[in-house]
Amino acid sequence: MLIDIALYYVGGRGGVETVTTKVYENLKKKGHRVRVIIAYVPPYLKWIDSLGEVYYYGNEMKNDSYEYLGESYKQLMEKIGLPDICIAAHLPFQSYICSLGINWEKTDKVIPILSWIHGDINIYKDPFLISYAKAHLAISSAVVDGIRSYDKEKNIYLVNNPISINKENIIKRPQDGIFKILSVGRLEEEKNLFMLMHALNKIRGKWKANIIGDGSKRNVLENVAKILRINENISWSGWKEEPWKDIDEASICISTSNTEGFSMVLAEALSRGIPVISTKSGGPKDIVQDGVNGWLVDKNNYFKVAEIINNIINNKIELPSQEVCISSVEKFDENKVVSNIENAIIKELK
């Protein structure tokens, strides 16, 4: 089977790229031919080097209208041939672009398009354009609900996001009496690390925080940490291509996002035996079992985050075991998730 994964534009370093790579590789292992179709060349080319068949349809950004992109997509398809099925990834309007590009005329064979957005549909431009897909792949139950609000009648498959689970990659817990906090992700507005800064300021006990990631809010966040007089306890580690390889110890992983389609970081932390605290930001409700493998808190409630950590430090509550953490995310194993995607593809082709 020839499967296309179509994207608009990505930088090459984010979660969409990580997930696309896992799905690409595992579909190929199942015997399918997979092509990745992207509008524009990403700035971080190492990601592209890890893939096999990659094609571009946008050419240049002088004209970024849907109609131009659809026509460019059509020209590419005429050159390289149509797929059996197309996965329109990341953004709702990608379904429309793909529709213009592969189903431009009435023929006996209409190529099915499956949408595969990676966040809350309402944060994207023109969310109603997702209805140009024949069916939808959803990475979380929150994304299912969002898609259903725009396209009620079509099939929506909850496939989740894939992670690699290797019990040899367990990250040990500190033995030196210092509570070690981990945050991994972009330092941008939607990640709301200002909430984390204020939570850290309320911790009473010995602690250290390792913040892995970079972004436009880094300087402001560092200044906030200095004003709160907690910066000496924080390591600003910057962006890392493989962050988990550089983490020796961790007590907990925290996500303070305002919105998450899934949250790869939380699932990956749990797969390494690290409990989590997360805001109720959509996708995490499928990952975090409150009081079992971690805790869910309301957005911006940094008092609750600090309360949980202080109670752990003071032995009033226990951290979930590494075994419980790992078993809680086994349903997101990449083999299971890609099988979910493959089954959805087969059903829609029939």
Side-chain angles (χ1 to χ4, degrees), residues 11 13-16 118-124 140 142 146 178-240 243-244 246-247 250-270 274-288 290 294-313 319:
R13 288 180 166 179
V16 172
H118 289 262
D120 177 0
I121 194 170
N122 292 302
I123 69 173
Y124 298 124
S140 69
I178 298 175
F179 193 83
K180 295 184 178 177
I181 298 157
L182 181 65
S183 171
V184 183
R186 293 176 292 111
L187 307 187
E188 300 294 348
E189 188 75 31
E190 68 270 16
K191 299 300 182 180
N192 194 18
L193 266 74
F194 298 101
M195 174 183 170
L196 177 60
M197 294 299 103
H198 288 289
L200 296 177
N201 186 46
K202 299 292 182 182
I203 298 175
R204 302 293 174 255
K206 293 182 179 180
W207 64 271
K208 289 183 179 179
N210 183 10
I211 297 178
I212 300 175
D214 212 342
S216 63
K217 298 300 179 182
R218 176 166 177 169
N219 290 337
V220 179
L221 287 164
E222 288 191 40
N223 286 333
V224 169
K226 289 173 184 175
I227 292 169
L228 295 174
R229 298 181 181 179
I230 58 174
N231 200 47
E232 62 183 21
N233 284 30
I234 300 174
S235 297
W236 300 90
S237 299
W239 182 85
K240 292 183 180 293
W244 301 105
D246 294 327
I247 300 167
S251 304
I252 207 158
C253 181
I254 300 180
S255 170
T256 51
S257 292
N258 291 325
T259 180
E260 288 284 352
F262 180 75
S263 188
M264 289 290 287
V265 167
L266 295 178
E268 288 174 343
L270 288 162
I274 306 171
V276 297
I277 298 175
S278 174
T279 47
K280 298 173 183 176
S281 51
K285 72 178 182 180
D286 289 0
I287 301 168
V288 186
D290 194 39
W295 295 268
L296 288 167
V297 301
D298 292 330
K299 296 176 189 178
N300 294 313
N301 191 349
Y302 60 86
F303 288 103
K304 187 63 178 180
V305 174
E307 178 187 319
I308 292 167
I309 293 172
N310 284 327
N311 284 337
I312 296 168
I313 291 173
L319 283 172

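Only this structure's heavy atoms are used, side chains among them; waters, hydrogens and symmetry mates stay out. Given the structure is predicted, the values throughout are model-derived calculations rather than measurements.
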Least distance between heavy atoms, [X] atom then [Y] atom:
X: I252; Y: W295; result: CD1-CZ3, 3.9 Å
X: C253; Y: I274; result: N-CG2, 3.6 Å
X: L319; Y: S251; result: CD1-O, 3.7 Å
X: A142; Y: K285; result: N-CE, 4.2 Å
X: S281; Y: S257; result: CB-O, 3.4 Å
X: F262; Y: A267; result: CE2-CB, 3.9 Å

**Request:** Name all pairs fulfilling the salt bridge (charged side-chain N to carboxylate O under 4.0 Å, His left out) condition that reach into residues 220-234, sequence neighbours left out, sorted by first residue then second.
**Result:**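 Every pair satisfying salt bridge (charged side-chain N to carboxylate O under 4.0 Å, His left out) with a residue in residues 220-234: R218-E222.
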Nearest 0.5 Å, what's the [atom1]-[atom2] distance between [X] and [Y]?
X: I277; Y: L266; atom1: CD1; atom2: CG; answer: 10.5 Å
X: I234; Y: L228; atom1: CD1; atom2: CG; answer: 8.5 Å
X: I181; Y: W207; atom1: CD1; atom2: CH2; answer: 6.0 Å
X: K206; Y: I178; atom1: NZ; atom2: CD1; answer: 6.5 Å
X: S278; Y: K299; atom1: OG; atom2: NZ; answer: 10.0 Å
X: L200; Y: K202; atom1: CG; atom2: NZ; answer: 12.0 Å

**Prompt:** Would you find a donor on one side and an acceptor on the other, under 3.5 Å apart, between the side chain of N301 and the backbone of K304?
**Reply:**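 Such a contact is found between N301 side chain and K304 backbone.
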**Prompt:** Would you find a donor on one side and an acceptor on the other, under 3.5 Å apart, between the side chain of N310 and the backbone of R204?
**Reply:**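 Yes; at least one donor-acceptor contact below 3.5 Å.
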**Asked** Considering residues at least two apart in sequence or located in another chain, which fulfil the ring pair (Phe, Tyr, Trp, His ring centres under 6.0 Å) criterion with W239?
**Response**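 Counting only residues at least two positions away or on another chain, W239 forms a ring pair (Phe, Tyr, Trp, His ring centres under 6.0 Å) with Y44.
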**Prompt:** Got a sec, which residues hit ring pair (Phe, Tyr, Trp, His ring centres under 6.0 Å) with Y302, two or more places apart in sequence or on another chain?
**Reply:**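 Checked Y302 against ring pair (Phe, Tyr, Trp, His ring centres under 6.0 Å); matches are H198.
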[Y] side chain reached by [X] side chain, heavy atoms, under 4.5 Å:
X: I287; Y: V276; answer: no
X: W236; Y: L221; answer: yes
X: S237; Y: D246; answer: no
X: D120; Y: E190; answer: no
X: L187; Y: I211; answer: yes
X: E189; Y: K217; answer: yes
X: S183; Y: I254; answer: no
X: I247; Y: K180; answer: no

**Asked** Does the side chain to side chain contact (heavy atoms under 4.5 Å, CB included) test come out yes or no for M195 and V297, once each step is laid out?
**Response** CA-CA 12 Å; M195 174 183 170; V297 301; 4.0 Å; yes
**Prompt:** Distance only, no hydrogens: is a donor on one side chain within 3.5 Å (strictly under) of an acceptor on the other, for S140 and D286?
**Reply:**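 S140 vs D286: no donor-acceptor pair found between side chains.
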**Request:** Take E260 and K191, measure what side chain to side chain contact (heavy atoms under 4.5 Å, CB included) needs, and give me the verdict at the end.
**Result:** CA-CA 9 Å; E260 288 284 352; K191 299 300 182 180; 2.7 Å; yes
**Request:** Walk me through it: do E188 and S216 pass the test side-chain hydrogen bond (donor to acceptor under 3.5 Å, both in side chains)?
**Result:** CA-CA 6 Å; E188 300 294 348; S216 63; 2.5 Å; yes
**Message:** Against N192, only a single residue in T256, N300, T279 fulfils side-chain hydrogen bond (donor to acceptor under 3.5 Å, both in side chains); can you say which?
**Reply:**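 Option passing the side-chain hydrogen bond (donor to acceptor under 3.5 Å, both in side chains) with N192: N300.
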**Request:** Walk me through it: do T259 and N122 pass the test side chain to side chain contact (heavy atoms under 4.5 Å, CB included)?
**Result:** CA-CA 10 Å; T259 180; N122 292 302; over 6 Å; no
